[in-house]
2 protein chains.
Amino acid sequence: MNTNEEQNFKNEMEAVFKLLSNHIRLNILIMLENKQFSVNEIVEALGIPQSQISHQLAILKKHQLVSSQKIGKKNFYKLDDPHILNVIESTANHVKHVLQGKSHSEV
Amino acid sequence: MNTNEEQNFKNEMEAVFKLLSNHIRLNILIMLENKQFSVNEIVEALGIPQSQISHQLAILKKHQLVSSQKIGKKNFYKLDDPHILNVIESTANHVKHVLQGKSHSEV
DNA sequence: CCTTTATATGTCAATGATAACATATGTTAT
DNA sequence: ATAACATATGTTATCATTGACATATAAAGG
């Protein structure tokens with residue numbers, strides 16, 4: 001009976017999608033694609049209050065999408081598992097498809 | 001200046017992730033992977049009240065993830081763009097990775 | 001045209017997420 | 001020890017989503 005394990009799996013799927021469904025978190029992940037950044041660099045790049053960025057980073061970290069490394073006063077964040085970029089990329093492809101072939105619900 | 005278009009794009013990305021971050025909608029999409037089903041078949045498979053399924057199907061349809069075809073009294077739903085399965089699959093891969101290498105936040 | 005079956009839509013209370021703000025912690029320099 | 005900087009954490013009001021329930025529409029059969 002692996003139903004429980006499967007449920008676990010689905011819960012985590014859901015959690016990942018939930019994480020990605022927020023523009024701040026999504027932008028952070030995209031920003032971290034190639035390079036690590038300090039909190040303040042992220043704050044300045046996104047133009048969003050520091051505490052909010054820290055909150056979102058904490059959530060991303062809790063779900064192991066990013067990891068951090070403290071150097072001096074600064075805390076640098078990077079992607080923990082670049083695999084997540086595949087998810088973002090295939091969604092981007094899907095969205096491209098949908099936005100191009102905007103056949104139906106163009107209300 | 002394609003900033004506006006880009007914003008559009010990111011909004012739709014967000015919307016797709018939001019759609020996927022709900023277990024009912026996710027299960028519906030997975031169920032529709034290979035075959036179309038009527039509303040009632042989905043209701044019975046998932047054991048969730050009909051009105052709720054209809055609500056979620058309407059949301060999925062609005063974002064063009066599914067389409068429907070009425071045959072007699074029944075309304076059959078199928079994936080509108082199977083591309084979305086790639087998104088689900090790459091997320092599944094990511095989650096597998098995370099669940100296996102549960103190194104860090106195992107609190 | 002009345003009933004049954006199948007599905008959609010409307011409403012709203014309960015729950016969850018976000019944004020905004022205040023404050024705390026930790027590090028470095030003076 | 002104090003100040004300045006960088007970041008994290010706590011709290012709460014606001015807003016969005018979900019779940020539950022009632023009702024509406026639409027097709028088919030009698």
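Proteins get letters first, then strands, A, B, ... in listed order; numbering begins at 1 in each.
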Let me see the working for B:H94 and A:D81 under side chain to side chain donor-acceptor pair (under 3.5 Å), right down to the final yes or no.
CA-CA 8 Å; B:H94 168 79; A:D81 175 6; 3.2 Å; yes
Check against side chain to side chain donor-acceptor pair (under 3.5 Å), A:N93 and A:E89:
CA-CA 6 Å; A:N93 284 335; A:E89 199 192 320; 4.5 Å; no
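The side-chain contact (heavy atoms from CB on, under 4.5 Å) test applied to A:E44 returns A:N40, not counting sequence neighbours. Partners of A:K74 under the side-chain contact (heavy atoms from CB on, under 4.5 Å) rule, at least two apart in sequence or in another chain, are A:S38, A:F76. Every side-chain contact (heavy atoms from CB on, under 4.5 Å) that A:M31 has, sequence neighbours left out, goes to A:F37, A:I42, A:A45.
Atom CG in B:L60 sits roughly 12 Å away from atom P in C:dA8 (whole-Å rounding). Rounded to whole Å, atom P of C:dA17 lies 11 Å from atom NZ of B:K18. Remark: P of C:dT18 and CD1 of A:I48 are 12 Å apart, rounded to the nearest angstrom. Straight-line distance from the NZ atom of A:K62 to the C1' atom of C:dA17: 12 Å, rounded to whole Å. Rounded to whole angstrom, the span from the NE2 atom of A:H23 across to the C1' atom of C:dA17 amounts to 12 Å. Note: CD (B:Q69) to P (C:dA8) measures 13 Å, nearest angstrom. Taking atom CG of B:N27 as the reference point, atom P of D:dG19 lies 12 Å away to the nearest angstrom. In this structure, CZ of B:F37 is placed 13 Å from P of C:dT7, rounded to the nearest angstrom.
Side chains of A:S90 and B:S90: a donor-acceptor N/O pair is present below 3.5 angstrom, by distance only. If you check the side chains of A:Q7 and A:N11, you find a donor sitting under 3.5 Å from an acceptor.
Comparing the axis of the opening five pairs of the helix from C:dC1-D:dG30 to C:dT30-D:dA1 with that of the closing five pairs yields an angle of 10°, rounded to 10°.
Within the 4.0 Å cut-off from OP1 or OP2 of C:dT18, at least one side-chain nitrogen or oxygen of A:N22 is found.
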When the side chains of residues 47-56 of chain A are checked against the rest of the protein, which donor-acceptor pairs come out under 3.5 Å, sequence neighbours left out?
from: A:Q50; atom 1: NE2; to: A:S54; atom 2: OG; distance (Å): 3.0
from: A:Q56; atom 1: OE1; to: A:R25; atom 2: NH1; distance (Å): 2.7

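Checked against B:I84 for a side chain to side chain contact (heavy atoms under 4.5 Å, CB included), the options B:L32, B:L60, B:L65, B:L19 give a single hit: B:L65.
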Return the polar atom pairs (N/O with N/O) between nucleotides 5-10 of chain D and the protein under 3.5 Å, or none.
from: D:dT7; atom 1: OP1; to: A:V39; atom 2: N; distance (Å): 3.4
from: D:dT7; atom 1: OP1; to: A:N75; atom 2: N; distance (Å): 3.1
from: D:dT7; atom 1: OP2; to: A:N40; atom 2: N; distance (Å): 2.8
from: D:dA8; atom 1: OP1; to: A:N75; atom 2: ND2; distance (Å): 2.7
from: D:dA8; atom 1: OP1; to: A:Y77; atom 2: OH; distance (Å): 2.6
from: D:dA8; atom 1: OP2; to: A:S54; atom 2: OG; distance (Å): 2.9
from: D:dA8; atom 1: N7; to: A:Q50; atom 2: NE2; distance (Å): 2.7
from: D:dA8; atom 1: N6; to: A:Q50; atom 2: OE1; distance (Å): 3.3
from: D:dG10; atom 1: O6; to: A:H55; atom 2: NE2; distance (Å): 2.6

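At the heavy-atom level, B:I24 lies under 4.0 Å from the strands shown only through sugar-phosphate atoms.
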